[in-house]
Colleague: 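If you scroll down you'll find the structure; I have some questions about it.
Proteins get letters first, then strands, A, B, ... in listed order; numbering begins at 1 in each. Keep in mind the model is a prediction, meaning the values are calculated, not measured.
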Number of protein chains: 2
Amino acid sequence: MNSQPSSKILDNIRQACGTCSLNSLCLPMGLSHEEMLTLDQLVKRQLIVNKGEYLFRMEHHFDYLYAIRAGSFKTFLVSEKGTDQITGFYLPGELLGFDGIEPGHHQVTAVALETSSVCQLKFDELLQIASKIQGLQRHLMAILSQRFNNQFTISVNHNAEQRIARFLLSLSERFKRRGYSADTFNLTMSRQEIGNYLGLANETVSRILAKFREQGILESHQREMHLLDLRALQMTACG
Amino acid sequence: MNSQPSSKILDNIRQACGTCSLNSLCLPMGLSHEEMLTLDQLVKRQLIVNKGEYLFRMEHHFDYLYAIRAGSFKTFLVSEKGTDQITGFYLPGELLGFDGIEPGHHQVTAVALETSSVCQLKFDELLQIASKIQGLQRHLMAILSQRFNNQFTISVNHNAEQRIARFLLSLSERFKRRGYSADTFNLTMSRQEIGNYLGLANETVSRILAKFREQGILESHQREMHLLDLRALQMTACG
DNA sequence: CGACCAGTTGAATGGGATCAATAGGAGTGG
DNA sequence: CCACTCCTATTGATCCCATTCAACTGGTCG
């Protein structure tokens with residue numbers, strides 16, 4: 001291996017991954033130089049998806065996972081009646097596309113909520129590498145396990161207030177983990193989309209945000225969010 | 001390798017796994033003799049759990065996955081208020097315990113709904129084997145992926161009728177896949193538990209089952225279920 | 001047999017949906 | 001720059017599905 005090109009690539013990866021989605025996928029694992037190079041082989045970086053464009057579509061063939069570098073996405077499935085059902089929102093540093101593993105084609109459609117940048121990872125190659133790199137295999141399963149568990153944090157047994165409080169706390173938590181502000185952020189989704197995801201009417205989302213505003217829990221204007229009292233929000237989330 | 005003992009063990013496995021949970025985990029993969037023997041090493045078969053006993057408990061250390069040979073389980077988490085929230089029901093041939101992968105301790109408690117028999121699989125060893133056996137790794141991820149996807153089949157956007165119809169269809173489907181009857185089975189859980197899982201009051205479950213009975217969609221008495229019109233049930237599930 | 005629990009059914013209440021009207025940005029074109 | 005349109009968000013009024021409270025029934029088990 002000639003060291004000059006290698007270290008150049010390495011610098012690129014370091015530079016790229018420092019602020020990037022793969023952060024959560026790679027860096028915590030303490031990869032060696034060779035392992036990082038191996039991992040870099042399967043990454044086609046800098047795929048740009050404009051607002052409203054599809055990253056992948058339901059029933060299309062599954063080949064890739066996507067790591068979000070910047071921007072945000074929603075995933076949704078189309079029910080028998082033709083109505084959409086939003087199944088998740090994805091922020092920088094998060095992986096999406098796992099829905100396609102089992103039947104071999106995607107179960108949901110992914111749309112960019114704003115102009116976004118993603119890394120494309122070939123799943124087959126990722127698995128091959130995972131079987132060699134200690135911890136990567138477990139890390140992937142951990143992501144899936146965690147995602148399954150988190151499903152129940154916004155549950156059928158919670159009322160509208162609790163669901164919205166939990167939703168906001170979830171966003172806050174995820175922004176914080178990526179180094180963004182935990183109390184001030186812009187929603188990239190509409191009230192309609194939040195409502196669809198939480199099983200509420202958009203009017204209910206509006207009304208409860210108004211209530212939270214009156215209670216001094218948060219300030220909001222359109223899609224700008226400023227959480228004033230995280231403690232109160234947590235109390236509300238618990239009922 | 002001395003062939004006599006090997007083939008004896010193999011016969012045991014074949015005999016055991018033919019009617020067993022691991023069916024779905026091992027057999028579809030087309031394992032070689034050596035691979036089956038490897039896999040057998042990590043299985044402690046025939047763990048019996050009586051009705052009401054815990055298989056594992058929330059916050060306890062995670063080490064094992066469990067494959068159900070016979071019987072059934074529910075998993076639940078205890079909320080901040082101290083109320084239970086049932087997160088899943090598990091039938092013969094299904095794996096449980098994945099909830100503990102990420103933080104390293106279980107996120108839910110698993111209780112037997114009837115006297116049950118399970119295989120205990122050491123997760124670390126399973127991963128090691130998975131990194132060697134082509135397909136097993138992907139198979140494990142497929143299980144997790146599928147489970148995540150299925151979460152949305154019983155969703156916040158469905159009314160009580162739809163949720164119960166979907167719940168019954170899900171049970172029917174799963175029984176059928178294991179070779180049991182798709183239209184006649186005993187529920188091992190109470191109305192209360194079904195309601196908790198679906199986010200409904202037990203009275204609502206009762207009422208809607210009564211409605212289905214009146215409509216000739218099913219016959220039921222206590223926990224005995226006999227689905228008469230799967231087509232109508234599917235229509236109801238879709239709304 | 002009696003106690004207890006699960007299941008069923010009825011009546012009243014309430015949370016959130018729906019329908020409807022208005023307000024406020026954002027984008028477009030003159 | 002303003003006028004116009006379109007879409008999202010907000011707020012009010014009414015309705016309905018599911019919950020809650022309550023009474024009763026049937027099964028199971030000591």
Colleague: What integer distance in Å separates B:Glu193:CD from C:dC5:P?
Modeller: 15 Å
Colleague: Have a look at the helix from C:dC1-D:dG30 to C:dG30-D:dC1 and give the angle its two end axes make, five pairs each, rounded to 10 degrees.
Modeller: 40°
Colleague: Students often get this wrong, so: under 4.0 angstrom with heavy atoms, is A:Ser206 touching a base, only sugar-phosphate, or nothing?
Modeller: base
Colleague: Can a salt bridge be assigned to the pair A:Arg191 and A:Glu203 using a cut-off of 4.0 Å between side-chain N and carboxylate O?
Modeller: no
Colleague: Could you list all N or O pairs between the protein and nucleotides 17-22 of chain D that sit under 3.5 Å apart?
Modeller:
residue : atom : partner  : partner atom : Å
D:dA18  : OP1  : B:Ala160 : N            : 2.7
D:dT19  : OP1  : B:Gly199 : O            : 3.3
D:dT19  : OP1  : B:Ala201 : N            : 3.1
D:dT19  : OP2  : B:Ala201 : N            : 3.3
D:dT19  : OP2  : B:Thr204 : OG1          : 2.1
D:dT20  : O4   : B:Arg207 : NH2          : 2.8
D:dC21  : N4   : B:Glu203 : OE2          : 3.1

Colleague: So B:Arg163, base contact, sugar-phosphate only, or nothing? Heavy-atom distance under 4.0 Å.
Modeller: nothing
Colleague: Under 4.0 Å from any atom of DNA chain C, heavy atoms only: list the residues of residues 216-228 of chain B that qualify, in numerical order.
Modeller: B:Gln222, B:Arg223
Colleague: Assess the residue pair A:Gln107 and A:Asp99 against the criterion (side chain to side chain donor-acceptor pair (under 3.5 Å)); give the C-alpha distance rounded to whole Å, side-chain angles, the decisive distance to 0.1 Å, and a yes or no.
Modeller: CA-CA 6 Å; A:Gln107 300 298 293; A:Asp99 58 277; over 6 Å; no
Colleague: Measure from the ring center of B:Tyr64 to the ring center of B:Phe123 and say whether it is less than 6.0 Å.
Modeller: no
Colleague: So, B:Ser220 and B:Arg213: side-chain donor and acceptor under 3.5 Å apart, yes or no?
Modeller: yes
Colleague: May I ask you to check whether A:Phe56 and A:Tyr66 place their ring centers less than 6.0 Å from one another?
Modeller: yes
Colleague: So, for B:Glu102 and A:Gln146, which heavy atoms are closest and what is the spacing to 0.1 Å?
Modeller: CG-CD, 3.5 Å
Colleague: Keeping A:Asn159 on the side-chain end and A:Gln162 on the backbone end, is there a donor-acceptor pair under 3.5 Å?
Modeller: yes
Colleague: I need the CD-C1' distance between B:Glu214 and C:dT9, as an integer number of Å.
Modeller: 11 Å
Colleague: Hey, is the main chain of A:Asp84 close enough, under 3.5 Å, to the side chain of A:Asn196 for a donor-acceptor pair?
Modeller: yes
